[in-house]
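Every chain is numbered from 1, with letters handed out A, B, ... down the list of sequences.
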Amino acid sequence: MTEIRTAAEAVATTSEPTAEGVVAPAAAPAAPTRSDPVGRDAYDVEAIQARWLPVWDELEPFRSGLPGDERPKKYILDMFPYPSGDLHMGHAEAYAIGDVVARYWVQRGFDVMHPIGWDAFGLPAENAAIKRGVDPRGWTYENIAQQKASMRRYACSFDWARVLHTSDPQYYRWNQWLFLRLFERGLAYRKSSAVNWCPQDQTVLANEQVVGGRCERCDAVVTKKNLTQWYLRITDYADRLLDDMQQLAGTWPDKVLTMQRNWIGRSIGAEVQFAIEGRDEPVTVFTTRPDTLYGATFFVVAADSALAAELAAGTPAEKEFRAYLDQVKQVSEIDRMDAGRPKTGVFLQRFAFNPVNDERIPVWASDYVLADYGTGAIMAVPAHDQRDLDFARTFDLPVRVVVAAESDPLETGIATADDGPHVNSGPLDGLDKSASIERMLEIMAAEGRGRAAVNYRLRDWLISRQRFWGTPIPIIHCPACGEVAVPDDQLPVELPAAEGLDLTPKGASPLGAATEWASVDCPQCGGPARRDPDTMDTFVDSSWYFLRFLNPALESAPFDPAQAREWLPIDQYVGGVTHAILHLLYSRFFTKVLHDMGLVDFTEPFSRLLNQGMVVMNGSAMSKSRGNLVPLSDELAMHGVDAIRLAMVFAGPPEDDIDWADVSAAGARKFLARAWRLSAEVASPVGVDASTGNMELRRVTHRTVDEAARAVESFRFNVAVARTMELVNAIRRAVDSGCGAADPAIREAVEAVAVLLSLVAPYTAEDMWAKLGHPPTVFRAGWPTVDPALLVQESVTCVVQVAGKVRARLTVGPDIDEAQLRELALAEPSVVASLAGRAVLTVVVRAPKLVNVVPG
RNA sequence: GCCCGGAUGGCGUAACUGGCAGCCGCAGCUCCCUUAAAAGGAGUCGUCGGAGACGACAUGCGGGUUCGAAUCCCGCUCCGGGCACCA
């Protein structure tokens, strides 16, 4: 029986690092031979996991921002989880990836802040609470405890001294505080309008939460409802949200930037005033094509707008209009968004005047015009807008071509949108589109009937929710004073106990029924008043949580601006692409507001963004109902934490989806065992001088470390793992049939493997480190220094092509000169043979790697 | 409909700035160890032809640029994602 010093023993004798972290080297463990069953079978995942977790708890290798820490700072953040049950495969992937980045920068000598918290408010907790008749608090905090335990076991490199839960009063107090600051600045306001309503969850939804006409959470078909609600004025920031994307180009995925750009949807055009017969005030419309004004043959107002109702009032069409409006309200959002739906509408028996020629054109109401975009009214140019043409053809309205085109829209039914010389357009005749727009804007400006204007698709952010489990809106409604802010010193407005409250959604917030809680004295006049019963959208919580991690317990402010200057903006943000618009747009908005308040000195919160893919099973998203759900706990029990983490990282590029059916966790474990075994075979002492070691292996080691670093920094984690596997293979060969286990190069190589693996497989890496005779922890061992001299190849394979086809390979020195290489290549027998006597036309030489001989 | 991506062996992938296509794995096959299995180890593994040396073909399809293209350009096909009556 070979004597093997267990890692636990190593820890027992060496777990007291000195100030320098240097500890007397443990005796080099005796190497088991390859036929020794103990050496082979000792990769006992369970035992290794049990051994190191308590050690790390003690050492806390990932605490950040400690006094006296001189390392440069980096802030790496994973999107925080929602506590809906235990961690699942998706978390396992996301946190494995975030961990590689965070652990890498620690090894590179940075003081890395890598915090975690819980996005703990929200509907699922409330729905579970209703279903089981319990308080959402209990459900939420139990799940958090479970996830926290799983994360610890999963060995995430989080700084556990910085945990936050958004459902804690000491957190949401600052949601309220920030809300009040926005309120003071006019950026939070209340208005009545038709809002998205989820009939299932019985609450309103922000525009961003309506996906394809359905509720983002529960998939119910969204309807409209008229309600008075709180909004945040994100539209004030539309231009900055667009323009500041310049800062993110290249460091955020293009896809996300494109989605945000489209979502904000800036349109450049003009506002034009149309006089309405029998109305004092003209009506303004927005158009991107002021050049087609001469082609405007009718006028349409949104059926559900106030303007439509006003224009219809008292006309012979009023009754018909009302019936139509009722019909429009019945149509669900999902149907309404179908552009292929036949056009409907009502002629309001009113007329508008085209400002360019005073032509009297009919005014219609239709639902194809949106009440909340532009001004809710349009000039219809049927010849050059498909929707207007469809409408014109349905109701037999005139079509006038004003941009010359090959086909006639009225005949073909296809509106022409191409550029071309304008016709039937008075002063614009003969001009092209851009010249016409310019000319028209001049004319409009001169007459005071219009001007250049910009419009956005983006709407203000509706944040009121008629649900219990969220941040109470800190406003008091006083019959005398109106909307009164809760004074700062009375924050937080805490949620009442759920006990005795019926949380079942009924369209009004359950908080309103908490009579004692809701009834307060007005802070201004002292008279009886009521609290706002709604809670905030949980996206408010997550719009600034990254700042709270600086000091989650801070009582005097949401965060300390001085610390924010040190740590932010976030160097690397990691999370799913599902938040491409919602969370990332809102966070960017909040950051700009905080910047304007002078609280932060940056305008973009996330300098770099990595969107990891999803974990699917057999091609589709995992779900219980589909029957393809793979429980993470089962996988961890079967293969161990490290194998799962490694499998996640090695499966492919991080932004691609992983099909778990294609992944071999068993293979990952096999590799880890191979690597681990090496650590017990190293037969040179700790601190041995590597420079005397085998040069061939040393080159592989240094090249691997160098390539792995570059791969990690460019998010090619799978490549970093592949290179590490090559190094392990090379060490295996060197031990078995090369320089042998006692060569110092073997120690250097295996130590490098331990550090490389510390990013992905922390348990295995730490155990290897101990077997190599080092005290814990490998996580702070430092990235191996690469010797540039060892990156230079001793000899290079030069490819010799004839007409682009490889005909020979030469082994040459790396600094061979071109003439010499050319000569060598032309002398190759196989080159001569394939030239077959033909004359050489050119020889392209790219020393030292390639020669291409081109025959005549 | 509009806007983005993508397509490489049986599978996941790799290939620096245009320079040996297929690194590293998974699965398969052959062998070693074993009474046997498991575990472990060695080898093989794009397609076609050939006993073999080797040759031809090959990165979705068709063209182009180039001494040279998985990579750049043009035109298709298919797949995925986002937006979708936004004037």
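If you take CD of A/Glu93 and C1' of B/G12, they are 13 Å apart, rounded to a whole angstrom. A straight line from CD of A/Gln386 to C1' of B/A84 spans 14 Å, rounded to a whole angstrom. Atom P of nucleotide B/C26 and atom CZ of A/Arg669 are separated by 15 Å, given to the nearest angstrom. Protein atom CG of A/Asp254 is 11 Å distant from nucleotide atom P of B/C4, rounded to whole Å. In this structure, CZ of A/Arg846 is placed 9 Å from C1' of B/G19, rounded to the nearest angstrom. Atom pair A/Asp736:CG and B/A42:C1' shows a separation of 11 Å (rounding to whole Å applied). Regarding A/Asn611, its CG atom lies at a distance of 13 Å from the P atom of B/G82, rounded to whole Å. B/U66 atom P lies 14 Å from atom CG of A/Leu841, rounded to whole Å.
Here B/G19 sits opposite B/C67 as a Watson-Crick or G-U wobble pair (both hydrogen-bonding atom distances under 3.5 Å). Base pairing of B/A53: no nucleotide in any strand meets the Watson-Crick or G-U wobble criterion (both distances under 3.5 Å). Base-pair partner of B/A42: B/U30 (Watson-Crick or G-U wobble, both distances under 3.5 Å). B/G60 is paired with B/C76 under the criterion used here, namely a Watson-Crick or G-U wobble arrangement in which both key atom distances are under 3.5 Å. Pair assignment for B/C2 gives B/G82, based on Watson-Crick or G-U wobble hydrogen-bonding distances that are each under 3.5 Å.
For A/Lys343 and A/Tyr368, the positive end sits near the middle of the six-membered ring, less than 6.0 Å away and at most 45° from its axis.
In terms of position along RNA chain B, the nucleotide closest to A/Thr842 lies nearer the 5' end than the nucleotide closest to the other residue of the pair A/Gly376 and A/Thr842. Nearest-nucleotide mapping onto RNA chain B: of A/Trp263 and A/Arg807, the residue sitting toward the 5' end is A/Arg807.
The main-chain N or O of A/Phe286 is never found under 3.5 Å from a side-chain atom of A/Asn455 such that the two would form a donor-acceptor pair.
The existence of a salt bridge linking A/Arg669 and A/Asp642 is excluded, since no basic side-chain nitrogen approaches an acidic carboxylate oxygen closer than 4.0 Å. A salt bridge links A/Glu726 and A/Arg723; the closest N-O separation between the charged side-chain nitrogens and carboxylate oxygens is under 4.0 Å. Using a 4.0 Å cut-off between charged nitrogen and carboxylate oxygen, A/Asp372 and A/Arg459 count as a salt-bridge pair. Between A/Asp367 and A/Arg341, at least one side-chain nitrogen of the basic residue sits less than 4.0 Å from a carboxylate oxygen of the acidic one, meeting the salt-bridge criterion.
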Before you tell me yes or no, could you show the steps for A/Glu681 and A/Arg732 under salt bridge (Lys or Arg N to Asp or Glu O under 4.0 Å), namely the whole-Å CA-CA distance, both residues' side-chain angles and the distance that decides it to 0.1 Å? CA-CA 10 Å; A/Glu681 294 180 54; A/Arg732 181 78 270 158; 2.8 Å; yes
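Backbone-only engagement by A/Arg674 is indicated by non-hydrogen atom pairs under 4.0 Å involving sugar-phosphate atoms exclusively. A/Asn729 comes within contact range of the sugar-phosphate backbone alone, with a heavy-atom separation under 4.0 Å but no base atom that close. No engagement by A/Asp372 is indicated, since no non-hydrogen atom pair under 4.0 Å with the nucleic acid exists. In this structure, A/Asp662 reaches the sugar-phosphate backbone alone: every heavy-atom distance under 4.0 Å involves primed, P, OP1 or OP2 atoms, never a base. Residue-level contact check: A/Gln801 touches the bases, meaning some heavy atom is under 4.0 Å from a base atom. Within 4.0 Å of A/Ser664, counting heavy atoms only, lie sugar-phosphate atoms of the nucleic acid but no base atom. Within the 4.0 angstrom heavy-atom criterion, no nucleotide atom of any strand lies near A/Tyr456.
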Pair up each side-chain donor or acceptor in residues 842-856 of chain A with any protein partner under 3.5 Å, not counting sequence neighbours, and list the distances.
| residue | atom | partner | partner atom | Å |
| --- | --- | --- | --- | --- |
| A/Asn852 | OD1 | A/Gly804 | N | 3.0 |

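Between B/A69 and B/G18, the distance separating the two P atoms is 14 Å to the nearest Å. Taking atom C1' in both B/C11 and B/U65, one finds a spacing of 35 Å when rounded to whole Å.
Syn is the classification of B/G9, since its glycosidic angle stays within 90° of 0.
Contacts of residues 705-718 of chain A with RNA chain B (heavy atom under 4.0 Å): A/Arg716, A/Asn718.
Residue A/Lys805 places at least one side-chain N or O closer than 4.0 Å to OP1 or OP2 of B/C57. Residue A/Arg677 places at least one side-chain N or O closer than 4.0 Å to OP1 or OP2 of B/G41. The phosphate of B/A87 has OP1 or OP2 within less than 4.0 Å of a side-chain N or O from A/Ser267.
Contact of A/Lys343 with B/C85 (side chain to base): a donor-acceptor pair of N or O atoms is detected under 3.5 Å.
In the set B/A21, B/C67, B/A87, B/C67 carries the atom at the smallest distance from any side-chain atom of A/Val844. In the set B/C85, B/A84, B/G12, the nucleotide with an atom closest to the side chain of A/Phe650 is B/G12.
Using a 4.5 Å heavy-atom threshold, the side chains of A/Leu397 and A/Pro382 count as separate.
To the nearest 0.5 Å, atoms CD (A/Glu93) and CD1 (A/Ile658) are separated by 3.5 Å.
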